[in-house]
Amino acid sequence: MSIKGLENGINFDDANSFDMLKVELERLRPDWVIFDSLIRLHHRDENSNAQMGDLIGGVIKGLMRSVGAGAVIIHHLGKPSKDRPESRI
């Protein structure tokens, strides 16, 4: 098994970044791709089901299907605060 990391981050909302990732995945043909962390991959409202559904169900799923890979998407929870109690997924 080999592990490859990209030096520069990616952003699914940036066409150049997306295209660079797709070319790299087509070259490497991985079985799995790990995205860490979700918040750094987009500029969308994470509280919007429509926007996140499009990102995960459309953009990421479509990319993974096109390169024949599975995806693991890591989402870190925010730290609890006075205005934001502990959250659970």
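The figures here come from the full heavy-atom set of this structure, side chains too, leaving out hydrogens, waters and symmetry mates.
- Linking Ile, Leu, Val, Met, Phe, Trp and Tyr whenever their side-chain heavy atoms come within less than 4.5 Å leaves L28 and L21 in two separate clusters.
- Put simply, the side chain of Q51 never gets that close to the backbone of R44: no donor and acceptor are under 3.5 Å apart.
- The backbone N or O of H42 lies less than 3.5 Å from no partner atom in the side chain of D13, so there is not a single donor-acceptor pair.
- Formation of a donor-acceptor pair under 3.5 Å by the S66 side chain with backbone atoms of L63 is found in this model.
- Atom CG of D31 is surrounded by 12 or fewer heavy atoms from other residues, nucleotides or ligands within 6.0 Å.
- Distance check, rounded to the nearest 0.5 Å: CG of L41 to CG of D36 gives 8.5 Å.
- Atoms CD and CG, on E46 and L38 in that order, are 4.5 Å from each other to the nearest 0.5 Å.
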Subject >> L55 and F12: CA distance, side-chain angles, deciding distance, side-chain contact (heavy atoms from CB on, under 4.5 Å) verdict >> reply: CA-CA 8 Å; L55 175 67; F12 287 108; 3.7 Å; yes

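- Taking R29 as the reference, nothing meets the side-chain hydrogen bond (donor to acceptor under 3.5 Å, both in side chains) condition, with sequence neighbours excluded.
- Between G9 and S17, the closest heavy-atom pair is O-OG, 4.1 Å.
- Considering CD1 of I56 and NE2 of H75, their distance stands at 9.0 Å, rounded to 0.5 Å.
- Contact between A71 and I60 at its shortest, heavy atoms only, is CB-CG2, 4.3 Å.
- For the atom pair I73 CD1 and I34 CD1, the distance stands at 11.5 Å (nearest 0.5 Å).
- Enclosure of atom CG in D45 by more than 12 non-hydrogen atoms of other residues, nucleotides or ligands within 6.0 angstrom is indicated.
- To the nearest 0.5 Å, atom CG of residue N11 and atom NE2 of residue H43 are 4.0 Å apart.
- Taking 4.5 Å as the limit, every side-chain heavy atom of F35 sits out of range of all side-chain heavy atoms of I74.
- For the pair L25 and P30, the tightest heavy-atom approach, listed with the atom from each and the gap, is O-CD, 3.5 Å.
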